Enquirer: 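Structure provided below as structure tokens; questions to follow.
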Amino acid sequence: MMSFELPIRVYYEDTDAGGVVYYANYLKFFERSRTEYLRHLGIEQIKLAEEQLLYFVVRSAQLDFIRPAHLDDYLTVSLQIEKLGRASLVFSQKISRNNTTLVYCTTKVACVHGSAFTPTAIPTDLHQLIAQSMQQPNKILTKVLTKA
């Protein structure tokens, strides 16, 4: 099964007074990973919004905090798609440091139409792109972020 990885550095702004990543910031790291995965597939969420009034929104998220991350840690945020539905995706995600898992997350994301934010089918071409990426056995896609 395909896995996508995104490196993240923990900055001062990500931490609490004790130098530990504030729990809500893990959600931001997971969001960045999902966004970069879609971008890697050529899916630009801004174009979906502007051209088709379509948005991917979080329906639910369940996190399990195992160990903390700290200021200046170099983390890997990974994801796999557990389920691709007609109008939703279920992501299995984790954050790790040196191959030690720190946080697990299962996130359900729904495709909605922007006029009323009602569920709508993922466009066929996007659905096919995502389905194809899921078929790549044991492939790890790694996003390297560079300044644009």
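Numbering of residues begins at 1 and proceeds along the displayed sequence. Note that the coordinates shown come from a computational prediction; the quantities given were computed from them, not determined experimentally. Atoms considered below: every heavy atom in the structure, side chains included; atoms not considered: hydrogens, waters and symmetry mates.
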Enquirer: At their closest point, which heavy atom of Ser78 faces which heavy atom of Ser33, and how far apart are they?
Expert: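 Smallest heavy-atom distance, with atoms named: C-OG, 4.5 Å.
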
Enquirer: Would you say that more than 12 heavy atoms from the other residues, nucleotides or ligands in this model lie under 6.0 Å from the CZ of Phe117, or not?
Expert: yes

Enquirer: Do Tyr74 and Val77 belong together in a cluster built from hydrophobic side chains that touch within less than 4.5 Å?
Expert: no

Enquirer: Charged N to carboxylate O below 4.0 Å: is that the case for Glu36 and Arg39?
Expert: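 So Glu36 pairs with Arg39 through a salt bridge.
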
Enquirer: Looking at every heavy atom in both Gly114 and Tyr55, which two are closest together, and how far apart are they?
Expert: CA-CE1, 3.5 Å

Enquirer: Considering only heavy atoms from C-beta outward, does the side chain of Leu126 approach that of Leu38 to under 4.5 Å?
Expert: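 The answer is no, as the side chains (C-beta and beyond) never meet within the 4.5 Å cut-off.
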
Enquirer: State, with a plain yes or no, whether a side-chain heavy atom of Leu48 is found less than 4.5 Å away from one of Phe56.
Expert: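 They are in side-chain contact.
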
Enquirer: Would you indicate whether the side-chain heavy atoms of Leu89 and Leu84 approach each other to under 4.5 Å?
Expert: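 With C-beta onward as the side chain, the pair touches.
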
Enquirer: Only one of Tyr104, Tyr26, Tyr22 passes ring pair (Phe, Tyr, Trp, His ring centres under 6.0 Å) with Phe65; say which it is.
Expert: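 Answer after filtering Tyr104, Tyr26, Tyr22: Tyr26.
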
Enquirer: So do Glu31 and Thr107 actually touch side chain to side chain, heavy atoms under 4.5 Å?
Expert: no

Enquirer: Would you give the length of the straight line joining atom CG of Leu41 to atom CD of Gln128, rounded to the nearest 0.5 angstrom?
Expert: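 Spacing of CG (Leu41) from CD (Gln128) equals 13.0 Å.
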
Enquirer: Could you measure the distance from the CZ atom of Arg97 to the CG atom of Leu102? Nearest 0.5 Å is fine.
Expert: 4.5 Å

Enquirer: Spell out, as yes or no, whether a donor-acceptor pair under 3.5 Å connects the side chain of His127 to the backbone of Ala87.
Expert: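 Answer holds: no.
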
Enquirer: Can you name the nearest heavy-atom pair linking Gly85 to Ile122, along with the distance?
Expert: O-CD1, 4.0 Å

Enquirer: Hey, is CZ on Arg9 packed in by over 12 heavy atoms from elsewhere, all under 6.0 Å?
Expert: yes

Enquirer: Output the distance between atom CD1 (Ile46) and atom CD (Glu51), rounded to the nearest 0.5 Å.
Expert: 10.0 Å

Enquirer: Does Leu53 belong to the same Ile/Leu/Val/Met/Phe/Trp/Tyr cluster as Val57, with side-chain heavy atoms less than 4.5 Å apart forming each link?
Expert: yes

Enquirer: If you take all heavy atoms of Asn25 and Asp14, which pair is closest and at what distance?
Expert: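 The pair with the smallest heavy-atom distance is ND2-O, 2.9 Å.
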
Enquirer: Give, for atom CG of Leu6 and atom CG of Leu79, the distance between the pair rounded to the nearest 0.5 Å.
Expert: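 Output value for this atom pair is 9.0 Å.
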
Enquirer: If you measure from CG on Asn98 to CG on Asp73, what distance do you get to the nearest 0.5 Å?
Expert: 8.0 Å

Enquirer: Is it possible for you to say whether Val103 and Val20 belong to one hydrophobic cluster, with membership spreading through side-chain heavy-atom contacts below 4.5 Å?
Expert: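 No, it is not one cluster - the side chains of Val103 and Val20 are not joined through contacts under 4.5 Å.
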
Enquirer: Can you name the closest pair of heavy atoms from Thr100 and Arg67 and give their distance?
Expert: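 Between these two residues, the closest heavy atoms are CG2-NH1, 3.7 Å.
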
Enquirer: If we only count heavy atoms from C-beta on, is the Phe91 to Phe30 side-chain gap below 4.5 Å?
Expert: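 Counting from C-beta outward, Phe91 and Phe30 never come under 4.5 Å.
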
Enquirer: In the structure I gave you, are the side-chain heavy atoms of Ile43 and Ile130 within less than 4.5 Å of one another anywhere?
Expert: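 Yes, their side chains come closer than 4.5 Å.
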
Enquirer: Within this structure, what is the CD1-CD1 distance for the pair Ile66 and Ile95, rounded to the nearest 0.5 Å?
Expert: 11.5 Å

Enquirer: Flag the pair Phe4 / Ser133 as yes when at least one side-chain heavy-atom distance between them is below 4.5 Å, and no otherwise.
Expert: no

Enquirer: So do Leu54 and His113 actually touch side chain to side chain, heavy atoms under 4.5 Å?
Expert: yes

Enquirer: Under a 4.5 Å side-chain heavy-atom rule over Ile, Leu, Val, Met, Phe, Trp and Tyr, are Met134 and Leu129 clustered together?
Expert: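 Yes.
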
